[in-house]
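The analysis underlying the following values was restricted to heavy atoms, covering all of them including side chains, and did not include hydrogens, waters or symmetry mates. Sequence lines set the chain letters: A, B, ... in the order given, protein chains first and strands last, and positions in each chain run from 1.
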2 protein chains.
Amino acid sequence: MLRLSKRVEYGLVALQHLAKTGDVATVREISDENSISYDLLAKIMQDLKRDGVLYSSQGVRGGYGLMLAPQEIPVNRVVGALEEQSSITECTSETECCSREAVCTIKGPMHKLQEQMEQVLSSVTIAQLL
Amino acid sequence: MLRLSKRVEYGLVALQHLAKTGDVATVREISDENSISYDLLAKIMQDLKRDGVLYSSQGVRGGYGLMLAPQEIPVNRVVGALEEQSSITECTSETECCSREAVCTIKGPMHKLQEQMEQVLSSVTIAQLL
DNA sequence: GCAAGTAGGACTTTTTTAGTCCTATATAAC
DNA sequence: GTTATATAGGACTAAAAAAGTCCTACTTGC
């Protein structure tokens, strides 16, 4: 469907929230304000932390904060942190192996297309979402 | 997952096949040569015909042929003909209505991203797949 | 100690995509 | 005019992916 997953959508919303307030926020705050499932967002935040986009502090008065400036976080990176695959076809994936590989006639051109898509996704950052 | 569906992938392969040979071909020929399910490809060809990309002739010695020159068929068009939705998020769709619309804070920027994606998809044509 | 947080495993449900099966209709060749 | 070879298309099933839920553990400031 050529669509960003809800995970990425919610991730972007959360990062925008943090960039906007410039402060630490809890998952509960963000999920409430943006009508996002708490449990789902909690996982997303964990993944973003694992990727180094966020830091966290546990316990009372804990929460998540940005590790990077908004202009240093391209949409690209959020996609990479939150989705298993981000290639536009199986044959442009580095991890999967395409079932039609032996007869695939579009591999080369698809790689070019993929590169251009990545170019677009890396040119937009969280700073542009504000 | 930000991935083109198999329908689009197969559609591109089929169009490439027709452009390469410059002749009419049957679904069977194309599906055999490219290891694509016959039934699935048959539906795809019908959709591409409905969209005006292909013409067909029924009966013995029938088949499908290109209605347009390869350089007149952008990937964009193939996506449009073969997929229900092609927007990157729910909020950039014209037909769906986003469940989080009232609180959505990324609608504007997402539209810009969407436009850039479409730009890329419309800049590559079947002629470039040869 | 307790309330407010993150960490994360396991699971269910829903949605989408891919693929299959079957029947009808058109037509060129014989 | 019958037959073999095509497209046309409805209805269905299966598989995969995404979304969402539930539960428990661990951390930490007060």
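- In summary, the side chains of A/Thr89 and B/Arg3 do not present any donor paired with an acceptor at a separation below 3.5 Å, with no hydrogens or angles considered.
- Taking the salt bridge (Lys or Arg N to Asp or Glu O under 4.0 Å) definition, one finds that B/Lys107 meets it with B/Glu101, sequence neighbours left out.
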Could you list, one pair per line, each protein nitrogen or oxygen that sits under 3.5 Å from a nitrogen or oxygen of nucleotides 12-18 of chain D, together with the distance?
unit_1	atom_1	unit_2	atom_2	d
D/dA18	OP1	B/Met1	N	3.4

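- In this structure, A/Lys43 atom NZ and D/dA25 atom C1' are separated by 14 Å, rounded to whole Å.
- For the segment residues 57-70 of chain B, the set of residues with a heavy atom within less than 4.0 Å of an atom of DNA chain D comprises B/Ser57, B/Gln58, B/Gly59, B/Val60, B/Gly63, B/Tyr64, in numerical order.
- Here the shortest heavy-atom pairing between A/Val103 and B/Ser35 reads CG2-OG, 3.9 Å.
- Residue A/Lys49 is classed as a sugar-phosphate contact, given heavy-atom separations below 4.0 Å to backbone atoms only.
- One atom, OH of B/Tyr55, and another, C1' of D/dA8, lie 18 Å apart when rounded to the nearest Å.
- Contact of the B/Leu15 side chain with the B/Leu48 side chain is registered, since non-hydrogen atoms from C-beta on lie closer than 4.5 Å.
- Helix bend of the helix from C/dG1-D/dC30 to C/dC30-D/dG1: the angle between its two end axes, each built from five pairs, comes to 10° after rounding to 10°.
- Counting heavy atoms from C-beta outward, A/Leu66 and A/Leu18 have side chains that approach closer than 4.5 Å.
- Residue pairs meeting the side-chain hydrogen bond (donor to acceptor under 3.5 Å, both in side chains) criterion with at least one partner in residues 59-79 of chain B, sequence neighbours excluded, are B/Asp51-B/Arg77.
- Residues of residues 25-39 of chain A having a heavy atom closer than 4.0 Å to DNA chain D, listed by number: A/Ser37, A/Asp39.
- Applying the salt bridge (Lys or Arg N to Asp or Glu O under 4.0 Å) criterion to A/Glu33, with sequence neighbours excluded, gives no partner residue.
- Backbone-only engagement by A/Arg50 is indicated by non-hydrogen atom pairs under 4.0 Å involving sugar-phosphate atoms exclusively.
- Between the side chains of A/Glu115 and A/Gln119, no donor-acceptor pair of N or O atoms lies under 3.5 Å.
- In terms of the side chain to side chain contact (heavy atoms under 4.5 Å, CB included) criterion, residue partners of B/Thr21 (sequence neighbours excluded) are, by chain and number, B/His17, B/Asp23.
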For this session: Show your working on side chain to side chain contact (heavy atoms under 4.5 Å, CB included) between B/Thr92 and B/His111 and close with a plain yes or no.
Result: CA-CA 6 Å; B/Thr92 54; B/His111 264 104; 4.1 Å; yes
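- With sequence neighbours excluded, no residue forms a salt bridge (Lys or Arg N to Asp or Glu O under 4.0 Å) with A/Glu29.
- Between A/Leu40 and B/Gln46, it is B/Gln46 whose nearest contact on DNA chain D lies nearer the 5' terminus.
- If you walk DNA chain C from 5' to 3' and mark each nucleotide with an atom closer than 4.0 Å to a heavy atom of chain A, the marks span C/dA3 to C/dT17.
- For A/Glu90, the salt bridge (Lys or Arg N to Asp or Glu O under 4.0 Å) criterion is met by B/Lys6, not counting sequence neighbours.
- Within a 6.0 Å radius of CD in B/Glu96, more than 12 heavy atoms belonging to other residues, nucleotides or ligands are found.
- Residues passing the side chain to side chain contact (heavy atoms under 4.5 Å, CB included) test with B/Thr105 are A/Val13, A/Gln16, A/Lys20, A/Asn34, sequence neighbours excluded.
- Considering only heavy atoms from C-beta on, B/Asp47 comes within 4.5 Å of B/Arg7 through its side chain.
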